[in-house]
Amino acid sequence: MSIPGVLSFTQQAWEQVLAKVKRAVVYLDAASAESLHWGCGSSRLLEAVGSPACYLREFEPAAVGGGADQPKAVFVLSCLLKGRTVETLRDIICRSHFQYCVVVTAVNHAVHLTANHVPAAAAAELEGQQPVFEQLEEKLCEWMGNMNYTAEVLHIPLLLAPVAPHLALTPAFASLFPLLPQDVHILNGARPDKRRLGSLSEVDATALTPELLLQIRCLVSGLSSLCEHLGVREECFAVGSLSRIIAADLANFAPAKNRRKTATGRASVVFVDRTLDLTGAVGHHGDNLVEKIISVLPQLPGHTNDVMVNMVELTALQAEEENQNMVAPGCLAQSNDPAAKALWEALLNTKHKEAVMEVRRHLVEAASRENLPIKMSMGRVTPGQLTSYIQLFKNNLKALGNHCGLLQLGLATIQTLKHPQTAKWDNFLAFERLLLQSIGESTMSVVLNQLMPMIKPSNQRTSDDYSPGELLVLLVYIYSVSGELSVDKDLGEAEEKVKKALAQVFCEESELSPLLQKITGEFKNKGVSRRGCSRLSYGRCFELHEAR
């Protein structure tokens, strides 16, 4: 995967979108907005719209429609044009005054044929035609109230959110997660007795639900478009049951077969099930500042891969809790700021100590360029030292504008270094190393019994003790590094003790984190029922991969 190819893939896709949005109301779903966020930034989209008013809106059923002075709309969607998505399109258009609608989907027309149950043989005969898109164009005109109005439906592969030249993410597939052993029982529920599956290794595409198959095909569509952009003929390798199915689907995807005939380059694509390396997701052995920033700062709403940076420090407001929401948050993505991008890439590629020093160096250089009265200090970098550098920009509007991206990354670093969770990082690391030694020398039941004294209700915990969410992180780590376990009486009893202790702690919590609400099934701000806590017995704590 060449470095410029990955970036240009996203940027060229967005250029096609930007060519359509002049003086339009633009609706984006969350995944498309995240791709824009990392790929070229919302400012590029606003410039392309060219209107003094803000015409960007979230694509949702309750979205505001277009007024009488807004005749054009562009919908940028990461998903299939089917079901609720089409219903939402209809609802927005019917309460608007649009005369020109453009719908952009990140999903290939071939996948839409599959979603509409068109047999493969019939789909092959439709090569070069797009009947699903054409039918939707007619519907759009119907909803606008005049068949002479203009409607366009087109496919643009907005698959990636390029976090760095060497790292791109797929926000539309954040929820796509490998199957777990207990999922085999669910799949068997729809199969006759003679065709029941014995294990995950027996799962193939025919065993999956139609919804999961379509989600996989949407991912494959995007990956095929990426390979087409790079001009490569891919060779796929897979580790894990779901990865094997995805690799096979990419190999058999009809548009991909045609593309490979003319591809001049070659590439290897490796698919790996995340469940085969949960320790990498929940462990604390990584000595990287970005990992800590993403772990401790609050998630940017609507995003899966960015955080909120508190910007109050750069205003005249007091840094008090009631002022936190009065200023729009900063973030990590700085797609239009070369200096901030250079710092971000350095943070991704260096160890914690070097990264903090790099933040200091960039702040010092920026202050020097602006002729700010900076006082140099050597030695260990502290949050207070970085704060003093950032404060220099506070009352200089020009300097603030010139280095806004850099200051956001600087504040993210300061807030992470000051965060109580960062202080616990070394404690986690020490305990994980101790666990590794214990697991090598003792049985799992002994390890779980060592964990029991650490499970404390909120009224007995200090700041140094582990919260319920942190205990679940440790449990996922323990089971991930243990490998296959032979179940015996001692292990069963130890597991039951841990489950009961955790359930008791959950029930006594005054407020659960969003993650714990999801795990227990209790979506309330206060309190949790024992019924919700008991669901832990079904292994739902392994959803904890989404926390990291």
Side-chain angles (χ1 to χ4, degrees), residues 1 163 166-188 197-209 212-213 215-220 222-223 234-251 267-288 290-291 294-295 304-305 428-429 432-433 435-440 444 447-448 472-487 491 495 515 518-519 536 538-548:
M1 195 180 286
V163 174
H166 58 278
L167 176 63
L169 307 171
T170 55
F173 301 96
S175 63
L176 182 61
F177 196 71
L179 299 172
L180 298 173
Q182 54 263 43
D183 293 321
V184 174
H185 301 296
I186 299 172
L187 296 175
N188 279 334
L197 304 166
S199 66
L200 278 178
S201 61
E202 298 176 22
V203 176
D204 58 14
T206 61
L208 301 182
T209 62
L212 181 54
L213 274 175
Q215 194 176 15
I216 289 172
R217 182 57 61 88
C218 290
L219 173 60
V220 163
L223 292 174
E234 72 278 8
E235 186 176 4
C236 296
F237 301 88
V239 183
S241 56
L242 190 66
S243 291
R244 187 180 67 251
I245 294 170
I246 294 172
D249 200 50
L250 178 56
S268 297
V269 182
V270 182
F271 296 94
V272 182
D273 280 12
R274 175 79 270 186
T275 44
L276 299 179
D277 181 28
L278 283 178
T279 54
V282 300
H284 293 74
H285 40 266
D287 186 22
N288 182 269
V290 172
E291 182 181 0
I294 293 174
S295 296
T304 57
N305 301 294
F428 266 105
L429 181 58
E432 287 166 4
R433 287 174 176 169
L435 282 173
L436 287 176
Q437 293 176 355
S438 299
I439 289 170
M444 176 58 81
V447 174
L448 292 177
L472 290 182
V473 169
L474 288 174
L475 279 171
V476 172
Y477 183 85
I478 291 170
Y479 279 91
S480 298
V481 299
S482 299
E484 293 293 330
L485 295 173
S486 55
V487 180
L491 178 58
E495 287 183 336
L515 174 67
K518 182 177 181 181
I519 292 171
L536 287 171
Y538 295 92
R540 297 190 67 195
C541 65
F542 287 95
E543 291 184 22
L544 210 58
H545 67 273
E546 295 179 357
R548 310 288 296 179

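Only a predicted model underlies this, so the values are computations on that prediction, with no experimental measurement involved.
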Exercise: identify the closest heavy-atom pair between L250 and F271
CD2-CZ, 4.1 Å
Any donor-acceptor pair under 3.5 Å from D273 side chain to S243 backbone:
yes
So M444 and I478, do their side chains get closer than 4.5 Å, heavy atoms only?
yes
Which atom pair, heavy atoms only, marks the closest approach of G198 to E202?
N-OE1, 2.9 Å
A side-chain contact here means heavy atoms from C-beta on lying under 4.5 Å apart; do T209 and I186 qualify?
no
Nearest 0.5 angstrom please: R244 CZ to D204 CG, how far?
8.0 Å
Closest heavy-atom pair and its distance - V184, S199
CG2-C, 3.9 Å
Do Y477 and L436 have side chains that approach each other closer than 4.5 Å (heavy atoms only, starting at C-beta)?
yes
Once you round to the nearest 0.5 Å, how far does OG of S241 lie from CD1 of I246?
9.5 Å
Single hit among R433, E432, E291 for side chain to side chain donor-acceptor pair (under 3.5 Å) with H284:
E432
Nearest heavy-atom contact between P178 and T275 is CB-OG1, 3.6 Å
Would you give the length of the straight line joining atom CG of L435 to atom CZ of F428, rounded to the nearest 0.5 angstrom?
11.0 Å
What is the minimum heavy-atom distance between S480 and T279, and which atoms define it?
CB-CG2, 3.5 Å
Kindly compute the distance separating CG (D249) from CG (L219), expressed to the nearest 0.5 Å.
9.0 Å
Heavy-atom distance under 4.5 Å between the side chains of L200 and P181, does that happen here?
yes
Please check: side-chain N/O of R217 versus main-chain N/O of V220, any donor-acceptor pairing under 3.5 Å?
no
When rounded to the nearest 0.5 angstrom, what distance separates CD in E495 from CG in L475?
9.5 Å
Can you name the one residue among I216, D183, V203 that meets side chain to side chain contact (heavy atoms under 4.5 Å, CB included) with L242?
I216
Nearest 0.5 Å, what's the CG-CG distance between L179 and L208?
6.0 Å
Non-hydrogen side-chain atoms of L448 and Y479 separated by less than 4.5 Å
yes
